[in-house]
Every structure is written in structure tokens, then in C-alpha cells.
**Student:** 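Below is one structure. I have some questions about it.
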Amino acid sequence: MSFDHLLADRTRNMSASAIREILKVVSQPGMVSLAGGIPAPQSFPLPIIRDLAAQIFEKYGARALQYDVTEGFQPLREQLVEYVRQQNIHTNTEEVVVTSGSQSMLDALGKVLITKGDKIAVEAPTYVGAITAFNPYEPQYLALPTDDDGVIPSALEEMLKQHKLKFVYIIPTFQNPTGRTLSLERRKEIARIIQQYNVLVIEDDPYSALRFKGDPVPPIKALAPEHVIYLGTLSKVFAPGLRVGFGIAPEPIRKWVVLAKQGIDLHTSSFSQALAAEFLAGGYLKDHLPKIIELYRPRMEAMLTSLDDFFPQEFTWTRPEGGMFFWAAGPKGMDLDPVYWKAIENKVAFVPGKYFFTDRSQGIETMRLNFTMSNEETIRMAVERLAGVLKSCL
């Protein structure tokens, strides 16, 4: 039987995640991956999770395995209200929706907000998962100009003078893929602009807890609460396989997200949510997060030192203060796609930067590098090996 004629038109805009396809390649024996944005298994609090699994059955019984409300497990929503209050976000359980990772929230927001042809603004480059989530709903992307400090507020204001945007999607802290963080001054300016022009911002914040140096900055949600949908996740500080994310949205949007989620998965795993609720309620995150930071900080520093020591002088790179990524750029016009395959032959992998642009003709000379999955010695060896490949291709 032929099935092509049965497929919806929107499938033309759906494609496999480039990152997921790359991860299939890097699973080869002997490969050192600087590609995936994957938390280190050593960062998972396995003994805590084992103990919590027993505790939640004593506390919640069969409720931890039962269907639950779409909005999310009430004890977890209560804990998330307290969790975001530490970042000066003041909300209540009615505004919180628990999702199967923040990726699920991105898809739900695309479903309820985007009509074909709507203009949405995204950073250039931006998170490839957001592009994957939004593409089936056929928006028209506008690329937000950025510099070494992230989104340029004046460029956003100029864009709003010329275009009617459905929303702006940004990752202001330790951005994926660049690792850049918007300064407090730029956040205040963006907050002023979106309030003045009455525009909605989707603020994706998966990495802010992973700060290794420098001072924390408040989320944009704290500066313009009525104009921002805030997305968070426990994947980077608890366990990604549990798929616990959340969104905080104004009621007029939140109710539609809940309806969309009912059609997607009814609700997020009750068991995962119960584990997350007790992880937060018991104060385990406060004790465990410093261990994650102490694991990642020397790895980030090892990558920075290695880039300084080995990378060709024709390249530049970011200098993040946390998160999971570095962003490197070669000479204008140097196509790193074929370089990627030569690097694979030399048993080291990165992600070509073009996949993080809505226009694939952009960013061909860029790459994303991840430091969380390898120890310091391996990182230094891999960067030196990659640098040799780059020098041979220049």
C-alpha cells in the first residue's frame, strides 16, 4: 500500500533532528563526542532517586502510578512555584503547567499560537529543537541580530517597528548553541521594548542553574511578567530521562496549552512528577547542584584552555560562564560541513553550526562544542585532534 497520499501537508515541514542524526554517528567505538548537549551520567543523583522511589510509594501510594490532571501533579506544581521564586519569578500553581520536558511545551505553544505565515522572531543562531517544534505550523522566521553579548535590543525594537510579530523566542542565559548570556542592562531594555510594543516573549531557560562563575542575572520573566512565557526544565539538574519540564504562562494562553496537551499525552508521567516533587521538597537539589557544578566547571575550563592552546588563529570562540556549550567560528565562507566528516574520520565529533539557523545558508563557518560528557584529559585530546583537522582544511 502507498501511504504518501495520506500524509498531511504539514509533513513537508517536518524533518529529523540534525542533532539526533549526528548522535547516531558519534556512537561509533572510539569516537569522542563534543557534539550532543547531554548531561553527564555522573551528574545524576542515583542514590537519591533510589531512595525517593521508595518514599513516594509510602507517601502517595497508587497515586504515583495513576492518571492525573493535565496541568501537572499538584505537589510538584507547588514546589515549582517556590523553585522559580528564587529567581524572582512570582507566580502561583494555576499558572504552572508541567510538561514532558520543555520540548513538549514548545510544541504545544506552536500548536496554539502559530497560524501559517505568522512572523516569529528567533535568535540567529537558535535552539534547533525550537525550530523542529515550530516548523510544522509553518511560521515565517525573522532572524534577530546578535553579537558576542547575545540579542541586540535596538535590533529587536527596529524589527518591531517594521513587522507584526506573533512572538519572540529567546534563550537569554547560557544560550544554546552559543553559550552567551544577556547582560542585565540588555534584559531591562528588552523588557522595556516588549512592554512598549505589547509583544509576547517565550523565554527558554534550561541552563541558568549551571552557572560556574560570575553573578546570576534575573530572567526576563521577572522584569516583564505579563509579556513572557517562561519555560524551565529539571533535565539538566535532576535526570533528563524522567522528562520533567514546565511552563509558566498567563491564564489566557495557559488554558489553551492545557487543551493542546490533553491531545498530546493527557499528562506527564505521574511517577516522574512525584520523584521531582520530593527531590525539590526534600532540599536535595540545594545539596546536589554544587556537585554538578564541580563536575562541569573544570571541564568548561579545560575546553577554554584547549581552544586557546590549539585552535587556529583564524577561529574565534565564545567564553561562557556556565551552561553546556562553546560556539566557534572560522573564516567567513569556510564550510564546516565537509570538515565535520573529516573530523569523524579522526574520531572526534562536533555539530556544524548551520543547523541552528532557520536559513541553512547561514552559519556554515560555525560549530557548537559541548564539554559536559567528557573528562578534562579527553576534552584536551579531542580539541587538539579537532584543531589539527581544521588546520588541514584551512
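Starting from 1, each residue takes its place in the sequence as its number.
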**Student:** Would you find more than 12 non-hydrogen atoms of other residues, nucleotides or ligands less than 6.0 Å from Lys391 atom NZ?
**Tutor:** yes

**Student:** I'd like to check the ring pair (Phe, Tyr, Trp, His ring centres under 6.0 Å) partners of Tyr60; sequence neighbours left out, ordered by chain and number.
**Tutor:** Phe73

**Student:** Tell me the closest heavy-atom pair linking Leu234 and Ala276, and the distance in Å.
**Tutor:** CD1-CB, 3.6 Å

**Student:** Checking Arg187 side chain against Pro218 main chain: does a donor-acceptor pair fall under 3.5 Å?
**Tutor:** yes

**Student:** Is Glu189 salt-bridged to Arg192, cutoff N-O under 4.0 Å?
**Tutor:** yes

**Student:** State whether the number of non-hydrogen atoms from other residues, nucleotides or ligands found under 6.0 Å of Lys188 atom NZ is greater than 12.
**Tutor:** no

**Student:** Does the distance from a Lys or Arg side-chain N to an Asp or Glu carboxylate O, for Arg380 and Asp309, drop under 4.0 Å?
**Tutor:** yes

**Student:** Would you find more than 12 non-hydrogen atoms of other residues, nucleotides or ligands less than 6.0 Å from Glu226 atom CD?
**Tutor:** no

**Student:** Would you say Asp147 has more than 12 foreign heavy atoms packed within less than 6.0 Å of its CG?
**Tutor:** yes

**Student:** Less than 4.0 Å between a side-chain N and a carboxylate O, is that true for Asp337 and Lys354?
**Tutor:** yes

**Student:** Give me the atom names and distance for the closest heavy-atom approach of Glu314 to Pro331.
**Tutor:** CB-CG, 3.7 Å

**Student:** Is a donor from one side chain sitting under 3.5 angstrom from an acceptor on the other, for Thr178 and Gln175?
**Tutor:** yes

**Student:** Taking NZ, NE, NH1 and NH2 as the nitrogens, is one of them in Arg319 or Asp148 under 4.0 Å from a carboxylate oxygen of the other?
**Tutor:** no

**Student:** For a ring-ring contact (aromatic ring centres under 6.0 Å, His included) check, start with the C-alpha distance between Tyr141 and Phe134, then their side-chain angles and the critical distance, and finish with the verdict.
**Tutor:** CA-CA 10 Å; Tyr141 293 107; Phe134 297 152; 7.1 Å; no

**Student:** Would you say Asn375 and Thr378 are linked by a side-chain donor-acceptor pair, where the criterion is simply a distance under 3.5 Å?
**Tutor:** yes

**Student:** So does Lys342 pair up with Glu345, basic N to acidic O under 4.0 Å?
**Tutor:** no

**Student:** List the atom of Leu386, the atom of Leu369, and the distance in Å for their closest heavy-atom pair.
**Tutor:** CD2-CD2, 3.8 Å

**Student:** Can Ser100 and Asp265 be said to form a side chain to side chain donor-acceptor pair (under 3.5 Å), step by step?
**Tutor:** CA-CA 9 Å; Ser100 301; Asp265 62 3; 3.1 Å; yes

**Student:** Can you establish whether the number of heavy atoms outside Gln162 located under 6.0 Å from its atom CD is more than 12?
**Tutor:** yes

**Student:** Check each of Phe174, Tyr207, Tyr127 against Phe325 using the ring pair (Phe, Tyr, Trp, His ring centres under 6.0 Å) test, and report the only one that passes.
**Tutor:** Tyr207

**Student:** Salt bridge or not between Glu94 and Lys255? Use side-chain N to carboxylate O under 4.0 Å.
**Tutor:** no

**Student:** Do you see a donor-acceptor pair shorter than 3.5 Å between the side chains of Tyr340 and Asp335?
**Tutor:** no

**Student:** Looking at Glu321 and Arg211, does any basic side-chain N land under 4.0 Å from a carboxylate oxygen?
**Tutor:** yes

